[in-house]
Amino acid sequence: MKVLVVGSGGREHAICWKLKQSPKVTGLFCAPGNGGIAQLAQCVDVKATDVDGMVKWAKENAMDFVVVAPDDPLALGMVDALEEAGIPAFGPRANAAVIEASKAFSKELMKKYHIPTARYETFTQLDKALDYIGEQGAPIVVKADGLALGKGVVVAATVDEAKTAAREMMEDKKFGQSGSTVVIEECMTGPEVTVLAFADGEHVYPMPASQDHKRAYDGNRGPNTGGMGAISPPPQYTPEIAQRCVDEIFLPTIAALKAEGRPFQGVLYFGLMLTPDGPKVVEYNARFGDPECQAVLSLLDSDLMDIFTACREGTLDQLDLRWKDSAACCLVLASGGYPLDYRKGFPISGLEEAGKSAVVFHAGTAEKDGQIVTSGGRVLGVTALGDTLEQAIDNAYAAAKPISFTDMHFRTDIGRAF
Ligand code: AMP
Ligand code: GLY
């Protein structure tokens with residue numbers, strides 16, 4: 001099969017790396033890809049959000065299957081467009097991807113189907129939002145409705161901070177149209193875990209749980225990022241909690257989407273908070289998380305192409321998936337200054353040495369005159385396994401040691417920031 005993966009980050013590198021191991025995949029392409037992906041797939045110069053361009057390229061080059069990994073093209077209906085053109089595609093259609101693209105939609109869905117989540121109200125008028133914040137008091141959470149690159153969420157410690165956030169979103173349009181509707185939520189407490197689940201519209205298969213580290217600096221301080229590192233599985237996600245999540249969250253969610261006429265096929269991302277009242281949904285995403293994907297796929301022994309095919313064909317329940325009995329840690333090496341201002345274009349050294357004891361997934365890299373250089377905020381995801389979580393973490397840090405580039409920044413407490 002000739003397979004095209006859409007996207008250009010560490011997540012897409014991990015997907016390509018895993019697909020490359022499948023005997024069924026005879027040709028592997030990635031649009032637009034990056035410097036690391038180019039070492040195992042043919043990179044294609046089409047933007048991930050260019051729906052028409054992607055369909056055209058996939059058709060002209062006779063792709064047998066397309067994997068749409070990032071949120072934007074999913075929300076734009078790339079899977080719908082590919083399927084309509086007769087090209088099988090992995091990922092939810094736009095009407096199901098809305099579970100990530102609209103927080104107002106996902107909160108309504110949870111309310112209607114009694115799926116545990118933070119109490120909330122939705123507002124389109126600033127004065128009503130401000131009144132509500134005043135009534136509820138702090139701490140309180142203010143969220144822009146649409147996709148805001150993970151930055152449209154303010155966990156406000158004071159009423160003033162919450163009101164300022166609402167004004168910035170609704171009046172100053174800090175996140176553009178994303179902020180014309182805001183969701184204001186009760187503030188939950190407890191450890192956060194991610195569960196990525198394969199879904200075929202009817203069945204849902206949770207992968208080993210994982211945990212992201214969203215803040216830029218050690219001790220969970222600093223600005224929110226796309227994710228500075230991930231571990232799998234996190235110790236807090238006990239078998240008892242896992243069973244509650246299946247019964248109270250995963251199965252009800254997949255059934256709710258089906259009942260709404262929006263069957264979800266693809267990877268459904270459950271962002272969960274393990275609160276004193278039990279597990280609750282913080283957010284849904286309509287795709288693999290990055291860097292959770294890198295850690296979790298490193299543990300998969302089964303053929304990823306078979307899984308993608310089964311998700312699309314509704315036969316996920318017939319697969320017997322196998323996972324390594326190990327733990328994984330993905331340590332992100334970022335450009336200094338990320339997620340704010342950072343410089344790029346710096347040569348990266350030590351990749352070959354690091355690759356001897358870990359898999360180094362590339363996120364923001366490019367190839368320039370035969371040399372791999374930095375080209376983004378998150379640059380690399382050094383991913384190692386271990387018999388225990390402690391060993392996986394130690395192995396990832398040890399493997400990353402030889403890697404260096406100007407302004408390199410990473411957290412020193414991945415998997416240990418409690
Ligand atoms: P989201 O984009 O909805 O995942 O929110 C980003 C981050 O904000 C989450 O990972 C949480 O750490 C935090 N957060 C979001 N909603 C809440 C909430 N209701 N209570 C506490 N923290 C929250
Ligand atoms: N790592 C969080 C996300 O991909 O949304």
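By convention here, the first residue in the shown sequence is residue 1.
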Quick one: do Glu353 and Lys401 make a salt bridge, cutoff under 4.0 Å? no
Sidechain N-carboxylate O distance under 4.0 Å for Asp306, Lys24: yes
Checking Ser22 against Asp303: is there a side-chain donor and acceptor pair closer than 3.5 Å? yes
Pair Arg312 + Glu83: basic N to acidic O under 4.0 Å: yes
Could you walk me through whether Lys143 and Glu283 satisfy the salt bridge (charged side-chain N to carboxylate O under 4.0 Å, His left out) test, starting with their C-alpha distance in whole Å, then the side-chain angles of each, then the deciding distance to 0.1 Å, before giving a yes or no? CA-CA 11 Å; Lys143 301 185 175 186; Glu283 63 162 347; over 6 Å; no
Polar contact flag, side-chain donor to acceptor under 3.5 angstrom, Gln211-Tyr237: no
To the closest 0.5 Å, what do you measure between SG (Cys329) and CZ (Arg416)? 8.0 Å
Between Glu185 and Arg119, is the closest basic N to carboxylate O distance under 4.0 Å? no
Got a donor-acceptor contact below 3.5 angstrom from the Arg262 side chain to the Asn95 backbone? yes
Donor-acceptor check, side chain of Glu100 to backbone of Ala286, threshold 3.5 angstrom: yes or no? yes
With distance as the sole criterion, is a donor-acceptor pair present between the side chains of Gln21 and Lys18 under 3.5 Å? yes
Sub-3.5 Å donor-acceptor pair from the side chain of Thr309 to the main-chain atoms of Met305, do we have one? yes
Do the non-hydrogen side-chain atoms of Val204 and Leu268 ever get within less than 4.5 Å of each other? no
Pair Asp218 + Arg221: basic N to acidic O under 4.0 Å: no
Taking every non-hydrogen atom, the tightest pair across Gly376 and Tyr342: C-CE1, 3.4 Å
Donor-acceptor under 3.5 Å (Asn34 side chain, Gly36 main chain): yes
Verify, without hydrogens or angle tests, whether Thr383 (side chain) and Gly381 (backbone) share a donor-acceptor contact under 3.5 angstrom. yes
For Ala157, does its backbone N or O pair with a side-chain atom of Glu161 as donor and acceptor, under 3.5 Å? yes
For the residue pair Gly226 and Tyr338, what are the closest heavy atoms and their distance? N-OH, 2.9 Å
Is any side-chain heavy atom of Gln39 less than 4.5 Å from a side-chain heavy atom of Ile372? yes
Is there side-chain contact between Cys330 and Val382, with at least one heavy-atom pair below 4.5 Å? no
Verify the neighbour count for atom CG of Asp247: are there more than 12 heavy atoms of other residues, nucleotides or ligands below 6.0 Å? yes
Do the two ring centres, one from Tyr217 and one from His409, sit under 6.0 Å apart? yes
Validate the cation-pi geometry between Lys103 and Tyr120: distance from NZ or CZ to the six-membered ring centre under 6.0 Å, angle to the ring axis within 45°. no
Is the shortest heavy-atom distance from the side chain of Ser302 to the side chain of Leu319 under 4.5 Å? no
Mark yes when over 12 heavy atoms from residues, nucleotides or ligands other than Asp45 sit less than 6.0 Å from its CG; otherwise mark no. no
Among Asp64, Val67, Thr26, exactly one meets side-chain contact (heavy atoms from CB on, under 4.5 Å) together with Val3. Which residue is that? Val67
Should the heavy atoms of other residues, nucleotides or ligands under 6.0 Å from CG of Asp172 be counted, would the total exceed 12? yes
In Å and rounded to the nearest 0.5 Å, what is the CD to CG distance from Glu390 to Asp387? 13.0 Å
Side-chain donor or acceptor of Arg215 paired with backbone N/O of Thr225 under 3.5 Å: no
Under 4.5 Å between any side-chain heavy atoms of Cys293 and Ile15, yes or no? yes
If you count the non-hydrogen atoms of other residues, nucleotides and ligands that lie under 6.0 Å from CZ in Phe410, is the total more than 12? no
Side-chain (Asp50) to main-chain (Val46) donor-acceptor, under 3.5 angstrom: no
May I ask you to say whether Arg322 pairs ionically with Asp320, meaning some side-chain N is under 4.0 Å from a carboxylate O? yes
Please tell me if the side chains of Thr117 and Lys107 come closer than 4.5 Å, counting only heavy atoms from C-beta onward. yes
I need the minimum non-hydrogen distance between Leu299 and Ser232, along with the two atoms involved. CD1-OG, 3.5 Å
Does atom NZ (Lys324) have a neighbourhood of more than 12 heavy atoms from anything else shown, all under 6.0 Å? yes
Side chain Glu186, main chain Gln136, donor-acceptor under 3.5 Å: no
All side chain to side chain contact (heavy atoms under 4.5 Å, CB included) counterparts of Glu121, not counting sequence neighbours: Phe123, Tyr132
Answer yes or no: is there a donor N or O on one side and an acceptor on the other, between the side chain of Glu12 and the main chain of Gly9, under 3.5 Å? yes
Do His13 and Leu40 have side-chain heavy atoms sitting under 4.5 Å apart? yes
Under a 4.0 Å N-O cut-off, is there an ion pair linking Glu292 with Arg11? no
Any side-chain heavy-atom pair from Ile249 and Phe270 closer than 4.5 angstrom? yes
Quick one: salt bridge (charged side-chain N to carboxylate O under 4.0 Å, His left out) partners of Glu60, sequence neighbours excluded? Lys56
